[in-house]
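One structure below.
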Amino acid sequence: MTSLEIVTGDITKLKVDVIVNAANNTLLGGGGVDGAIHKAAGKELLVECRSLGGCTTGEAKVTKGYNLPANYFIHTVGPIWKGGQNNESEVLVSCYQKSLLLANSLAVSSIAFPCISTGVYHFPKVIAANLAISAVKQFLKEHKHHLKLIFFCCYIDEDYQQYCTLLKGSNKKG
Ligand code: ADP
């Protein structure tokens with residue numbers, strides 16, 4: 001059984017095996033959660049990221065966790081919301097799927113996701129939360145995996161409330 005948990009606050013403070021980063025195509029750092037992760041992890045993260053040659057939107061790449069307790073970061077690039085007719089939903093789901101596939105290949109047991117694309121990429125929060133939860137549940141149903149604990153880390157209260165509402169009443173276990 002895998003437990004799905006909703007938490008608030010800074011994702012860099014979580015004691016998990018893998019922290020997912022909502023990165024940009026360069027993988028060279030940015031604002032929001034990406035900036036917080038690079039700041040907390042230290043300069044060595046940027047050195048490793050430089051060697052990765054960027055990342056396509058909807059894909060994911062792994063690095064070490066450096067100064068954080070997390071063993072790894074998985075950097076995924078969410079879609080920029082452009083009205084909803086440009087495969088934004090499919091690409092966001094792909095971010096969660098590819099990140100979970102990578103985590104699975106690392107044989108880790110816990111992972112934390114931020115609310116990918118809902119900051120400067122302007123993905124509507126309710127749609128994003130629904131897609132995030134359903135993508136994770138679908139993955140758990142379809143794959144043999146080692147994951148015991150999956151966190152949805154909500155930095156702002158609106159996201160936290162949204163995730164709680166969506167998960168409440170439904171089976172929290174994957
Ligand atoms: P994107 O470019 O994918 O929209 P952002 O970093 O702008 O990425 O926003 C993604 C989400 O990360 C937003 O919900 C934002 O509130 C949240 N966020 C920002 N800083 C942190 C942090 N330190 N820990 C967790 N979530 C964060």
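First listed ligand is number 1; within each ligand, the first listed atom is number 1. Values in this document were obtained by computation on a predicted structure and should not be read as measured data.
At the shortest separation from atom 24 (N) of ligand 1 among protein heavy atoms lies Ile11 N, 3.0 Å. Closest protein heavy atom to atom 5 (P) of ligand 1: Gly119 CA, 3.9 Å. With hydrogens left out, the protein atom closest to atom 11 (C) of ligand 1 is Cys115 O, 3.2 Å, a heavy atom. Protein heavy atom in closest approach to atom 7 (O) of ligand 1: Val120 N, 3.0 Å. Protein heavy atom in closest approach to atom 15 (C) of ligand 1: Tyr155 CB, 4.4 Å.
Remark: ligand 1 atoms within the under-4.0 Å shell around heavy atoms of Asp159 are 14 (O). Short contacts between ligand 1 and Ala36, defined as distances under 4.0 Å to a heavy atom of the residue, involve ligand atoms 23 (N). Each of the atoms 3 (O), 8 (O) of ligand 1 lies under 4.0 Å from some heavy atom of Ala22. Close approach of ligand 1 to Gly9 (heavy-atom distance below 4.0 Å) involves ligand atoms 24 (N), 25 (C). If you number the atoms of ligand 1 from 1 as listed, the ones under 4.0 Å from a heavy atom of Gly32 come out as 6 (O), 19 (C), 20 (N).
Checked by atom type and distance alone, the side chain of His143 never pairs as donor or acceptor with a backbone atom of His145 at under 3.5 Å. Checked by atom type and distance alone, the side chain of Gln162 never pairs as donor or acceptor with a backbone atom of Lys125 at under 3.5 Å. Asn104 places a side-chain N or O within donor-acceptor distance of the main-chain N or O of Lys144, the cut-off being under 3.5 Å. With hydrogens and angles disregarded, no donor-acceptor distance shorter than 3.5 Å links the side chain of Thr2 to the backbone of Lys148.
Scanning Leu14, Val7, Ile156, Thr118 for the heavy atom closest to atom 13 (C) of ligand 1 points to Thr118. When the heavy-atom distances from atom 23 (N) of ligand 1 to Asp10, Val33, Thr12 are ranked, the shortest goes to Asp10.
Checked by distance only, ligand 1 and Ser117 come closer than 3.5 Å through their nitrogen or oxygen atoms. Distances between N or O atoms of Cys153 and those of ligand 1 include no value under 3.5 Å. An N or O contact shorter than 3.5 Å is missing between His122 and ligand 1 by distance.
Leu147 is listed as a side-chain neighbour of Val108, based on a closest heavy-atom distance under 4.5 Å. Side-chain contact between Ile11 and Phe151 is absent, with no heavy atoms from C-beta onward closer than 4.5 Å.
Counted within 6.0 Å of CD on Glu44, heavy atoms from surrounding residues, nucleotides or ligands total 12 or fewer; the atom is thus considered open.
For the 3.5 Å distance criterion, the side chains of Asp157 and Thr8 fail to qualify, holding no donor opposite an acceptor.
Distances from ligand 1 to the non-hydrogen atoms of Gly78 include no value under 4.0 Å.
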Dump the intermediate steps for ring-ring contact (aromatic ring centres under 6.0 Å, His included) on Phe113 and Tyr96, then the final yes or no.
CA-CA 8 Å; Phe113 284 97; Tyr96 286 91; 4.8 Å; yes

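In the hydrophobic cluster analysis, where Ile, Leu, Val, Met, Phe, Trp and Tyr join through side-chain heavy atoms closer than 4.5 angstrom, Ile6 is grouped together with Leu100.
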